[in-house]
Structure formats: structure tokens, C-alpha cells
Visitor: 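My questions all concern the structure below.
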Amino acid sequence: MDVNERIKKQLSEFPVVLYMKGTPDFPQCGFSARTVGALRSLGAKFAYVNILEDLELREGLKQYSRWPTFPQLYVKGELIGGCDITLEMYQSGELQQLLEEQNAIEA
């Protein structure tokens with residue numbers, strides 16, 4: 001399976017996917033930590049992929065998304081953006097609304 005197929009498979013398996021440096025419990029950069037913090041404060045259910053463990057995936061995602069940096073947040077297969085966009089959406093309430101529409105918030 002090539003890298004694009006792997007990405008598509010991951011995105012189809014979970015409504016919310018965060019490609020990040022590290023893990024939610026041990027983020028390896030401040031941007032990933034802040035993005036996880038926003039998601040967790042909303043009670044979001046999300047899958048994550050540690051891009052530091054897979055160089056092919058990390059490079060492939062940059063091409064797939066045409067977005068050069070991480071983290072990258074996807075909802076329903078669509079790139080939402082990185083840390084700045086995610087935090088802006090969190091602060092405006094848009095992120096909560098989007099996650100609620102996908103039933104991706106813990107009850």
C-alpha cells in the first residue's frame with residue numbers, strides 16, 4: 001500500500017484524525033501540545049498518528065495535504081489546518097460546532 005492509500009485509509013477509518021509530533025500524552029512540540037489541549041478541552045474523540053515514527057508518512061502528508069507543517073487536523077477526511085487555525089476555530093466556537101456535527105464530542 002503506497003503512502004497516499006495509507007493516508008486515505010486512516011482518514012476513512014476515523015472522523016477526526018490529528019497528525020502530530022508525538023502522542024497526545026507526550027507531544028513532541030508545542031504546536032501539537034496546544035492542538036491536543038484544544039481538542040481535549042472540548043472532550044473530542046480523535047485518532048492520532050505520530051508522524052515522527054514514520055518518515056514516509058510525514059513526507060507523504062505534506063504532498064497529500066499541500067500543507068508543509070504539523071500538526072494537521074482532519075475532520076471527515078478534510079484538512080482543517082494546523083495549530084493556529086485549530087486554535088482560532090476553538091476560540092470562536094467553530095471547532096466545537098464542527099466536532100458536534102460529526103458526533104466527535106464525548107457525551
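Because the structure is a prediction, the values reported are computed rather than measured.
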Visitor: Judged by atom type as modelled, is there a donor-acceptor pair below 3.5 Å linking the side chain of Ser32 to the main-chain atoms of Gln28?
Guide: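 Not at all, since once roles are kept as given, no pair shorter than 3.5 Å links the two residues.
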Visitor: Can you check ring-ring contact (aromatic ring centres under 6.0 Å, His included) on Tyr74 and Tyr19, steps first, answer last?
Guide: CA-CA 8 Å; Tyr74 287 79; Tyr19 291 95; 5.6 Å; yes
Visitor: Please find the pair of heavy atoms, one from Trp67 and one from Gln72, that lie closest to each other, and give the distance.
Guide: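 Looking at all heavy atoms of both residues, the closest pair is O-NE2, 2.9 Å.
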Visitor: For the hydrophobic clusters of this structure (ILVMFWY residues joined by side-chain heavy atoms under 4.5 Å, transitively), does one cluster hold both Val16 and Leu87?
Guide: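 Shared cluster, no.
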Visitor: Check this for me, if you would: do Glu101 and Lys76 make a salt bridge, where the nitrogen-to-carboxylate-oxygen distance has to be below 4.0 angstrom?
Guide: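 Salt bridge between Glu101 and Lys76, a charged N being under 4.0 Å from a carboxylate O: no.
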Visitor: To check you understand the geometry: which heavy-atom pair defines the closest contact between Val3 and Leu57, and what is its length?
Guide: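 In terms of heavy atoms, the two residues are closest at CG2-CA, 3.7 Å.
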Visitor: Enter the distance from Thr23:OG1 to Glu53:CD here, rounded to the nearest 0.5 Å.
Guide: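 These two atoms lie 8.5 Å from each other.
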Visitor: When rounded to the nearest 0.5 angstrom, what is the spacing between CD1 in Ile80 and CD1 in Ile85?
Guide: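 One gets 9.0 Å once the value is rounded to the nearest 0.5 Å.
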Visitor: I'd like to know if Arg34 pairs up with Asp84 as an ion pair, taking the criterion as any Lys NZ or Arg NE/NH1/NH2 lying under 4.0 Å from an Asp or Glu carboxylate oxygen.
Guide: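 A salt bridge is absent here (no side-chain N lies under 4.0 Å from a carboxylate O).
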Visitor: Atom CD of residue position Gln63 - does it have more than 12 heavy atoms of other residues, nucleotides or ligands inside 6.0 Å?
Guide: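 No, CD of Gln63 has 12 or fewer neighbouring heavy atoms, counting only those of other groups under 6.0 Å.
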Visitor: Measuring only between side-chain heavy atoms, which start at C-beta, is Lys45 closer than 4.5 Å to Phe14?
Guide: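 No, every pair of side-chain atoms sits at 4.5 Å or beyond.
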Visitor: For a quick test of reading the model, state the closest non-hydrogen atom pair linking Pro71 to Thr35 and the distance between them.
Guide: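 Distance-wise, the nearest heavy atoms are CG-OG1, 3.4 Å.
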Visitor: I need the minimum non-hydrogen distance between Ala44 and Leu99, along with the two atoms involved.
Guide: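 Reported closest heavy-atom pair: CB-CD1, 3.7 Å.
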Visitor: How close do Phe46 and Pro24 get, counting heavy atoms only, and between which atoms?
Guide: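 Heavy atoms only, the tightest pair is CE1-CG, 4.0 Å.
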Visitor: Side-chain contact test, heavy atoms from C-beta onward, threshold under 4.5 Å: evaluate it for Tyr90 versus Gln96 and give yes or no.
Guide: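 Not touching, per the 4.5 Å side-chain cut-off.
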Visitor: What's the spacing between Glu106 CD and Leu42 CG if we round to 0.5 Å?
Guide: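 Going from CD on Glu106 over to CG on Leu42, the span is 11.5 Å.
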Visitor: Quickly, which of Asp54, Asn50, Leu55 forms a side-chain contact (heavy atoms from CB on, under 4.5 Å) with Leu52? Name it, please.
Guide: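 Of the listed options, the one satisfying the test is Asn50.
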Visitor: Report yes if some heavy atom in the side chain of Ile51 is under 4.5 Å from a heavy atom in the side chain of Met20; otherwise report no.
Guide: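 A side-chain contact under 4.5 Å is absent here.
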Visitor: For atom CD of Glu78, decide whether the heavy atoms of other residues, nucleotides or ligands shown that lie under 6.0 angstrom number more than 12.
Guide: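 No, CD of Glu78 has 12 or fewer neighbouring heavy atoms, counting only those of other groups under 6.0 Å.
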Visitor: Can you find a pair of side-chain heavy atoms, one from Lys21 and one from Pro27, that are under 4.5 Å apart?
Guide: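 Side chain of Lys21 against side chain of Pro27, heavy atoms only: no contact under 4.5 Å found.
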Visitor: If you compare all heavy atoms of Ser92 against all heavy atoms of Glu94, which two are closest, and at what distance to 0.1 Å?
Guide: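 Taking every non-hydrogen atom into account, OG-OE2, 3.0 Å.
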Visitor: Phe31, Tyr48: one ILVMFWY side-chain cluster at the under-4.5 Å cut-off?
Guide: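 Phe31 does not cluster with Tyr48.
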Visitor: At what distance, to the nearest 0.5 angstrom, does OG of Ser12 lie from CD1 of Ile7?
Guide: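 Between Ser12 OG and Ile7 CD1, I get 12.0 Å after rounding to 0.5 Å.
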Visitor: Would you indicate whether the side-chain heavy atoms of Leu73 and Leu39 approach each other to under 4.5 Å?
Guide: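 Result yes, sub-4.5 Å side-chain heavy-atom pair found.
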Visitor: Applying salt bridge (charged side-chain N to carboxylate O under 4.0 Å, His left out), run through Lys8 and Asp2 and close with a yes or a no.
Guide: CA-CA 10 Å; Lys8 287 177 186 175; Asp2 81 0; over 6 Å; no
Visitor: Charged N to carboxylate O under 4.0 angstrom, Glu5 versus Lys9?
Guide: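 Here Glu5 does not pair with Lys9 in a salt bridge, since their nearest N and O are not under 4.0 Å apart.
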